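Notes follow once the structure below has been shown.
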Amino acid sequence: MTRAAITGLGTARGHKVVTNHDLAQTLDTSDEWIVERTGIHERRVGGSCLELGGQAAKIALKQAEIDATELDLIICSTCTPDQVFPAVSNRIQNELGASCGAFDLNAACSGFTYGVSLAQSQITAGMERVLVIGVDTLSRFTDWDDRSTAILFGDGAGAVVLEPAIRDDRGVLSTYMGSEGRFADLLICDFGDYIKMDGKEVFRQAVRVMVSASQRVLADAGLEASDVAAVIPHQANFRIIESAMKRLDIPLEKAATVLETTGNTSSASIPLAMDEAVSKGAINDGDVVLLVGFGAGMSVAAALLRWGQ
Ligand code: UT7
């Protein structure tokens with residue numbers, strides 16, 4: 001089977017830094033509370049999905065050393081598109097000068113990993129170059145007077161180019177896309193309204209689904225938790241990551257985090273954390289890397305890959 005390997009990675013962050021101290025000026029909260037309960041110190045706000053997604057995509061293409069005209073498909077994961085339609089991916093396609101098919105997918109914060117899974121299946125089916133973008137601008141749907149949500153979210157983008165792996169054992173090993181629609185009301189944003197969330201329950205369910213999705217992709221690839229060199233989890237709350245790692249019996253040091261400076265950027269959070277881990281040298285050729293995301297829906301997705309081409 002042809003496996004998809006990541007050959008380019010790019011990211012972009014919202015324009016303006018908003019620190020916990022900034023939020024404490026207008027909300028009944030404190031830097032101490034936010035850091036202790038979430039791990040977040042600051043987040044970035046500002047920019048459209050087209051702008052941030054396009055920026056991340058250009059960096060990913062450059063790193064992969066391919067021209068946009070060579071792309072076979074663009075998949076853009078977002079739950080906060082700039083317009084109802086056209087899709088953000090159509091606008092990014094035009095911005096890049098690509099001529100391939102393009103569509104958006106909405107699986108909330110699990111969307112980037114859904115995108116990787118779809119890219120893998122398209123590459124197995126014969127495509128050669130697929131661009132997967134995760135971009136969200138949650139700040140536009142955040143009630144900045146609501147301390148239970150305003151402290152969490154930020155804007156950002158991440159993109160990867162996937163191509164057939166050169167070596168047989170590199171690339172995507174297994175994927176899982178899940179949905180537990182009975183929990184759909186835990187985290188919602190209606191048209192014209194702000195994000196509403198039952199934080200405690202999202203927390204509880206998030207840990208459970210992250211663990212089961214991770215165990216599933218490990219079993220499908222015939223690997224154990226001890227084989228994993230790095231975990232790139234959705235960046236919602238450091239305590240969620242901590243609990244999931246504990247239940248998976250994977251040392252916390254193996255979890256990549258970026259939420260300290262980005263907050264929860266939904267579709268962008270996994271590629272942003274991946275970029276951070278790569279630049280720190282925490283992911284190397286041949287490493288088994290686990291991506292695992294969860295979000296509104298309740299959606300969940302995991303992908304296991306062996307790093308390198
Ligand atoms: O992509 C998925 C997106 N969502 C998530 O992943 C959210 C998952 N949930 C969470 O991250 C956490 O539940 C939160 C960070 C949202 C909240 O943390 P918590 O430890 O579950 O706190 P809590 O909701 O149980 O609230 C504890 C107390 C409450 O006061 P009382 O009732 O004990 O007096 C809240 O009113 O903390 C209060 N509180 C705050 N205090 C200071 C809630 N928000 C704040 C705040 N600053 N920002």
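This is a predicted model, so every value here is computed, not measured. Each ligand, and each atom within it, is numbered from 1 in the order the structure gives. Numbers here are sequence positions counted from 1.
With sequence neighbours left out, Ile59 forms a side-chain contact (heavy atoms from CB on, under 4.5 Å) with no residue at all.
Interface atoms of ligand 1 facing Thr29, defined by a heavy-atom separation under 4.0 Å, are 42 (C), 46 (C), 47 (N), 48 (N). Remark: ligand 1 atoms within the under-4.0 Å shell around heavy atoms of Ile151 are 48 (N). Interface atoms of ligand 1 facing Leu187, defined by a heavy-atom separation under 4.0 Å, are 2 (C), 3 (C).
Salt bridge status for Glu242 with Arg239: absent, with no side-chain N to carboxylate O gap under 4.0 Å. Electrostatic pairing of Arg167 and Asp285 counts as a salt bridge here, judged by a charged N lying under 4.0 Å from a carboxylate O.
Among all non-hydrogen protein atoms, the one lying nearest atom 8 (C) of ligand 1 is Gly199 O, 3.5 Å. With hydrogens left out, the protein atom closest to atom 11 (O) of ligand 1 is Asn237 ND2, 2.7 Å, a heavy atom. From the protein, the heavy atom lying nearest to atom 38 (C) of ligand 1 is Arg147 NH2, 3.6 Å. Looking only at protein heavy atoms, the nearest one to atom 3 (C) of ligand 1 is Asn264 ND2, 3.4 Å. The protein heavy atom nearest to atom 25 (O) of ligand 1 is Lys200 NZ, 2.7 Å. The protein heavy-atom contact nearest to atom 5 (C) of ligand 1 is Val202 CG1, 3.7 Å. Looking from atom 6 (O) of ligand 1 to the surrounding protein, the closest heavy atom is Ala236 CB, 3.3 Å.
Within the 4.0 angstrom cut-off, atom 34 (O) of ligand 1 has no protein heavy-atom neighbours. Distances from atom 30 (O) of ligand 1 to the protein include no heavy-atom value under 4.0 Å. Within a 4.0 Å radius of atom 46 (C) of ligand 1, the protein contributes at least one heavy atom.
In the hydrophobic cluster analysis, where Ile, Leu, Val, Met, Phe, Trp and Tyr join through side-chain heavy atoms closer than 4.5 angstrom, Met210 is grouped together with Val288.
In this structure, Cys109 is part of the shell of residues with a heavy atom less than 4.0 angstrom from ligand 1.
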Quick one: do Met274 and Leu291 satisfy side-chain contact (heavy atoms from CB on, under 4.5 Å)? Show the steps, please. CA-CA 9 Å; Met274 185 187 286; Leu291 317 187; 3.8 Å; yes
Give the intermediate values and the outcome of side-chain hydrogen bond (donor to acceptor under 3.5 Å, both in side chains) for residues Thr257 and Glu260. CA-CA 7 Å; Thr257 63; Glu260 299 84 351; 2.7 Å; yes
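The heavy atom nearest to atom 17 (C) of ligand 1, considering only Phe153, Phe238, Phe294, Trp33, is found in Trp33. Closest heavy-atom approach to atom 15 (C) of ligand 1 among the candidates Leu23, Ile195, Leu27, Thr38: Thr38. Among Met197, Arg204, Met298, the residue whose heavy atom sits closest to atom 4 (N) of ligand 1 is Met197. Relative to atom 22 (O) of ligand 1, the option among Arg239, Glu201, Gln235, Arg37 with the closest non-hydrogen atom is Arg37.
Side-chain contact check for Thr38 and Asn237: no donor-acceptor pair (N or O, by modelled atom type) lies under 3.5 Å. Side-chain N/O atoms of Thr78 and Asp104 include no donor and acceptor closer than 3.5 Å. Using modelled atom types, one finds a donor on one side chain and an acceptor on the other under 3.5 Å when comparing Thr7 with Glu163.
Few gaps surround NE2 on His15; more than 12 heavy atoms of other groups in view lie less than 6.0 Å from it.
Residue pairs meeting the salt bridge (Lys or Arg N to Asp or Glu O under 4.0 Å) criterion with at least one partner in residues 172-198, sequence neighbours excluded, are Glu180-Arg182, Glu180-Arg208, Asp193-Lys196.
The side-chain heavy atoms of Ile195 and Asp143, taken from C-beta on, include no pair separated by under 4.5 Å.
Counting heavy atoms closer than 4.0 Å to ligand 1, residue Thr149 contributes nothing at all. Only the side chain of Ile240 comes within 4.0 Å of ligand 1, judged by heavy-atom distances.
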